[in-house]
**Q** 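Handing you a structure now.
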Amino acid sequence: MKKKTQRTYIGGQAVLQGVMMRGKRSMATAVRDDNGVVQMEAKRITPPEKRSVWSRLPFVRGIVNFVASLIDGMKALLRSSDVAITEEEAPSKLSKWMAEKWKISVSAVLTAAAAVFGVLLALALFMFLPQYATDWIAKLFPVVARDGEGLAGLWYSLIEGGFRLLIFILYILFTLIFRSIRETYRYHGAEHKTINCYEYGMPLTVENVKKNSRLHDRCGTTFLFIVLIISILVLAVVNWVLAPYIATPYPMLNSAILLVIKLLLLPAVAGISYELLKLFSLSQSPILLPFKAPGYLLQMLTTREPSDDMIECAIAAFEKVLQMDKDPDVPEMTFATETKLSKLQAMMKKSFAEKEIDEADAEWILSLALNVPRSKLSEERIVTRKECRAVLDVFEERLTGRPLWYIIGDTEFYGYKIKVDERVLIPRPETEILVRQVVPALQDGDKVLDLCTGSGAIAVAVACEAAKDKTVAVTAVDISEDALEVARENARVNKANVNFIKSDLFENVRGRFNVITANPPYVRRREIDGLQREVRDFEPRIALDGGEDGLDFYRRIAEKFSRYLVRGGMLVVECGEDQAQEIVKIFSRCDYAMIVKDLNGKERFVKIVV
């Protein structure tokens with residue numbers, strides 16, 4: 001017999017049109033939507049090492065894992081229904097009315113109703129029906145009694161448990177009538193085959209997965225069977241032992257007391273069952289086959305051979321869990337479903353906060369994707385599935401750390417749309433103050449030089465603003481040809497008349513200018529690795545590194561700028577919030593120097609006049 005070479009802790013379950021996989025630190029659900037696209041939802045869960053010590057003890061851990069798996073499984077099932085149960089292309093009048101009047105969707109109501117009905121059905125089938133059937137048997141045979149002493153009570157408990165087991169098997173057989181459930185069983189088979197494929201050390205491809213068995217030792221069906229058997233035995237003994245001591249003149253009260261005792265014992269039953277399931281899964285010995293056989297037989301009913309696209313879902317979910325469990329930086333993912341705006345916004349802000357990303361980015365994403373002003377985001381509305389997909393595409397990429405405006409592709413600076421990507425720094429709002437210092441001072445016929453232009457934001461804004469009432473010649477330089485490509489595009493889009501030159505500061509510049517502007521690299525080299533991830537890992541390092549003290553470029557500018565600035569001309573530079581005083585010292589030979597603060601009162605600009 002072929003042996004498994006790599007055991008895995010990952011387990012799963014079938015959901016509507018997909019598969020959920022659950023690991024130690026994450027869970028992922030892959031569902032194929034009505035367009036045939038595999039949608040993924042991946043969330044992090046509390047890892048074992050962060051749980052209390054007692055929750056990891058034998059038998060206790062079974063209770064904890066059972067409850068956690070039950071909750072997570074139900075959530076995954078309900079979430080999958082949001083993707084699998086599709087709406088009509090044109091919403092019905094009822095859908096529109098509910099969305100506008102009550103801010104809820106029809107699918108949410110149907111999902112909640114289905115969950116309530118499922119709980120009620122389970123209570124009726126597995127609690128009240130077995131008891132009713134056993135009471136009927138007790139009327140025919142005096143040796144069987146619900147509150148009887150000795151063997152009468154024991155027989156009653158065993159027969160009731162037998163009915164519960166019979167109903168469980170009949171229920172599974174009954175579900176085979178429905179095509180949708182048979183399809184879910186096929187996804188169940190895909191889940192088992194994928195896990196088996198991995199445990200046998202085979203690469204996770206559709207062809208390899210198809211070769212594996214759809215039966216697995218850690219199956220939930222087997223677990224439920226063990227729970228039923230253990231509960232029958234344990235509860236029968238408890239009923240047999242305790243019934244004589246809790247007998248009252250009121251039969252209904254006796255039943256109620258026993259019911260409470262049985263419910264209190266269910267965690268213990270789950271704990272014992274979990275340990276047995278774990279024991280069975282650790283060995284492939286033929287000695288254990290008789291104990292595994294009933295579970296295998298039931299799995300023959302609850303699993304079916306999957307299609308290739310079902311296997312693809314299972315592989316996608318499994319690999320996502322492997323990836324997230326291994327790397328804590330892998331971002332979570334969310335299904336694109338119809339949802340409330342407030343709920344979507346809260347989820348996004350929570351995720352951003354956990355990743356130390358500015359929560360305001362959630363508002364920007366929603367505002368841009370939904371074409372709603374940020375001030376209107378407090379007004380509740382239903383976000384359609386299509387809108388949600390557009391929002392989540394940006395949201396999930398933002399979780400990787402990539403700056404929002406790189407994802408969007410442009411940002412606004414001084415009222416102008418500026419294209420940005422990884423070739424240039426993203427213009428900051430405070431840099432607009434530099435433009436405000438320059439534009440009012442310009443005279444007709446002046447010449448402006450913008451050093452380290454990057455995206456060209458300053459040059460474009462100055463050129464466009466000046467062109468409203470005067471003629472000004474603007475030249476912009478940068479050492480990076482990639483940055484200049486972006487700057488030229490921004491000048492073209494905004495119809496700004498700017499002459500771009502590739503130059504290391506003044507190296508290729510000719511002539512004199514009335515105004516020189518610069519927002520050079522000013523981050524201290526040792527501090528770059530400590531910057532926010534979105535700046536450190538995505539924005540160009542060449543535009544950040546200002547040398548050991550961050551002032552290298554200011555010294556270089558100070559050495560030569562007087563050759564390029566006319567008498568009475570002005571130099572305006574942006575700097576770090578703690579560098580202005582040092583920069584004034586660097587330009588100490590100039591006629592006049594003034595520090596300008598930003599809107600937060602930080603010293604961010606130095607204005608030099610010669």
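Values in this document were obtained by computation on a predicted structure and should not be read as measured data.
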**Q** Are side-chain heavy atoms of Asp393 and Ile407 found at a separation under 4.5 Å?
**A**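 No, too far: nothing below the 4.5 Å cut-off.
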
**Q** Between Glu332 and Lys350, does any NZ, NE, NH1 or NH2 come within less than 4.0 Å of an OD or OE carboxylate oxygen?
**A** no

**Q** Which residue pairs satisfy the ring-ring contact (aromatic ring centres under 6.0 Å, His included) criterion with at least one member in residues 204-237, sequence neighbours excluded?
**A** Phe66-Phe223

**Q** Closer than 4.0 angstrom, basic N to acidic O: yes or no for Lys193 and Glu305?
**A** yes

**Q** So how far is it from Ile172 CD1 to Ile167 CD1, rounded to the nearest 0.5 Å?
**A** 12.5 Å

**Q** Does Ile232 have any side chain to side chain contact (heavy atoms under 4.5 Å, CB included) partners at least two apart in sequence or in another chain, and if so, which?
**A**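 Per chain and number, Ile232 pairs via side chain to side chain contact (heavy atoms under 4.5 Å, CB included) with Leu158, Leu165.
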
**Q** Less than 6.0 Å separating the ring centroids of Tyr198 and Phe318?
**A**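 Judged by ring-centre distance (under 6.0 Å), Tyr198 and Phe318 do meet the cut-off.
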
**Q** Once you round to the nearest 0.5 Å, how far does CD of Gln345 lie from OG of Ser378?
**A** 8.5 Å

**Q** Check Arg533 with Glu356, please: is the shortest side-chain N to carboxylate O separation under 4.0 Å?
**A** no

**Q** Just so I know, are the side chains of Phe395 and Leu344 near enough to count as touching, which here means a heavy-atom distance under 4.5 Å?
**A** no

**Q** For Asp327, look at atom CG and say whether over 12 heavy atoms of other residues, nucleotides or ligands are found less than 6.0 Å away.
**A** yes

**Q** Kindly check if the number of other-residue, nucleotide or ligand heavy atoms within 6.0 Å of NZ (Lys43) is above 12?
**A**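 Count over threshold, so yes.
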
**Q** Donor-acceptor pair, distance only, cut-off 3.5 Å: does the side chain of Arg214 make one with the backbone of Lys210?
**A** no

**Q** Taking only residues at least two apart or on different chains, which pairs with a member in residues 263-272 satisfy side chain to side chain donor-acceptor pair (under 3.5 Å)?
**A**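 Of all non-adjacent pairs touching residues 263-272, none passes side chain to side chain donor-acceptor pair (under 3.5 Å).
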
**Q** Is the closest side-chain heavy-atom distance between Ile365 and Phe352 below 4.5 Å?
**A**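 When only atoms from C-beta onward are counted, Phe352 and Ile365 do touch, with a gap below 4.5 Å.
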
**Q** Just so I know, are the side chains of Val372 and Leu366 near enough to count as touching, which here means a heavy-atom distance under 4.5 Å?
**A**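 When only atoms from C-beta onward are counted, Leu366 and Val372 do not touch, as no gap falls below 4.5 Å.
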
**Q** Got Asn208 and Tyr200 here, is their nearest side-chain heavy-atom distance under 4.5 Å?
**A** no

**Q** Tell me, with the steps shown, if Glu41 and Lys75 meet salt bridge (Lys or Arg N to Asp or Glu O under 4.0 Å).
**A** CA-CA 11 Å; Glu41 182 158 276; Lys75 286 181 179 178; over 6 Å; no

**Q** Is it true that Glu199 and Arg218 have a side-chain N and a carboxylate O under 4.0 angstrom from each other?
**A** yes

**Q** Can Asp34 and Arg385 be counted as an ion pair, charged N to O under 4.0 angstrom?
**A** yes

**Q** Should we say atom OH of Tyr9 is surrounded by more than 12 heavy atoms from elsewhere, each under 6.0 Å from it?
**A** yes

**Q** Does a sphere of radius 6.0 Å around CG in Leu173 hold more than 12 heavy atoms from other residues, nucleotides or ligands, not counting ones at 6.0 Å or beyond?
**A**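 Yes, CG of Leu173 has more than 12 neighbouring heavy atoms, counting only those of other groups under 6.0 Å.
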
**Q** Could you measure the distance from the CG atom of Asp361 to the CD atom of Glu363? Nearest 0.5 Å is fine.
**A**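 Nearest 0.5 Å value for the CG-CD distance: 9.5 Å.
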
**Q** Inspect the surroundings of NZ in Lys355 and state if more than 12 heavy atoms from other residues, nucleotides or ligands are less than 6.0 Å away.
**A**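 Buried by this count: over 12 neighbours within 6.0 Å.
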
**Q** Would you name the heavy atoms of Val15 and Ser80 that are closest together and state the gap between them?
**A**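 It is CB-OG, 3.4 Å.
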
**Q** For the NZ atom of Lys320 and the OG1 atom of Thr29, what is their distance to the nearest 0.5 Å?
**A**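 Answer for the NZ-OG1 pair, Lys320 versus Thr29, is 12.5 Å.
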
**Q** Apply salt bridge (Lys or Arg N to Asp or Glu O under 4.0 Å) to residues Arg389 and Glu396 and explain how you reach the verdict.
**A** CA-CA 10 Å; Arg389 181 70 273 162; Glu396 289 169 0; 3.6 Å; yes

**Q** Drop me the distance from Asp217's CG to Gln299's CD, to the nearest 0.5 angstrom.
**A** 8.0 Å

**Q** Is Gln17 reaching over with its side chain to a backbone N or O of Val83, donor-acceptor style, under 3.5 angstrom?
**A** no

**Q** Would you compute the distance between atom SG of Cys197 and atom CG of Leu204 and round it to the nearest 0.5 angstrom?
**A** 5.0 Å

